[in-house]
Amino acid sequence: MSLKNVNTVLATVCAVFVLYLGLSFILAPEASTRGVGLPTWPAGNGDGFLIMKGTREFAMGLVIGILLLTGHRRALGWVLLMEAVAPLGDMINVLTHHGPLAAAFGIHGLTSALIAITGLLTLRETSKAHKATAPAPAAQPA
């Protein structure tokens, strides 16, 4: 299997997972918080913040999906690297609020690493094509 095919599968899995996660937080915010590692449910009307998180996740999944469908592979690699920051921030949030280390590193840290690796692999796949289409430098006068 070619690197492009592997990257397409990995990016598709990322997109589907992030879309699912976003919809979960939008449609059932209280039920979705049980697995993220935060120790308590927010006081008051905290579900509004969780719906905002879901909207962010859903939008991130749409970006990955659109770049996949339109074939913008280099942009996809950069976007995946950028989107790896979100679960990294979630990991830091769980650690800051004394959540379980397993959730912080096993859920959020691992997710961030897998998204970043997929982004790096996609950039590696596209680096040769990007260099081949770059204009050659102009000759310097003697």
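Just the heavy atoms: all of them, side chains too, but no hydrogens, waters or symmetry mates, feed the values below. Here the structure is a predicted model, which is why all the values come from computation and not from measurement.
L114 has its side chain within reach of L110: a pair of non-hydrogen atoms, C-beta onward, lies under 4.5 Å apart. With contacts defined as side-chain heavy-atom distances shorter than 4.5 Å, the pair M60/V79 does not qualify. Taking 4.5 Å as the limit, some side-chain heavy atom of W78 sits within range of a side-chain heavy atom of R74. Within the 4.5 Å cutoff, side-chain heavy atoms of E83 are placed close to those of V63.
Shortest non-hydrogen contact noted between L80 and A11 is CD1-CB, 4.3 Å. Considering every non-hydrogen atom in both P87 and H108, the closest pair reads O-CB, 3.3 Å. Across all their heavy atoms, S112 and A84 have their closest contact at OG-O, 2.7 Å. Heavy atoms only, all atoms of each residue included: L50 and F25 are closest at O-CB, 3.5 Å. A116 approaches L81 most closely through the heavy-atom pair O-CD2, 3.6 Å.
Checking R73 against T8 by side-chain atom types alone, a donor-acceptor pair falls below 3.5 Å.
Every pair tested for salt bridge (Lys or Arg N to Asp or Glu O under 4.0 Å) that includes a residue from residues 10-19 fails, sequence neighbours excluded, so the list is empty.
Cluster membership for L62 and L23, using ILVMFWY side-chain heavy atoms within less than 4.5 angstrom, is shared. Cluster membership for V9 and I66, using ILVMFWY side-chain heavy atoms within less than 4.5 angstrom, is not shared. Under a hydrophobic clustering in which Ile, Leu, Val, Met, Phe, Trp and Tyr are joined whenever their side-chain heavy atoms come within less than 4.5 Å, directly or via other members, L123 and L10 fall into different clusters. Following chains of ILVMFWY side-chain contacts shorter than 4.5 Å, one cannot reach L21 starting from I115, and the two form parts of different hydrophobic clusters. V36 is not connected to I26 by any chain of hydrophobic side-chain contacts under 4.5 Å among Ile, Leu, Val, Met, Phe, Trp and Tyr, and they are in different clusters.
Annotation: R124, atom CZ; neighbour count of heavy atoms from other residues, nucleotides and ligands within 6.0 Å does not exceed 12. Within 6.0 Å of CE in M52 there are 12 or fewer heavy atoms belonging to other residues, nucleotides or ligands.
By the side-chain contact (heavy atoms from CB on, under 4.5 Å) test, A15 is found to be paired with I64, residues two or more places apart in sequence or in another chain being considered.
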Worked check of side-chain contact (heavy atoms from CB on, under 4.5 Å) between F105 and L95: CA-CA 9 Å; F105 294 111; L95 291 172; 3.9 Å; yes
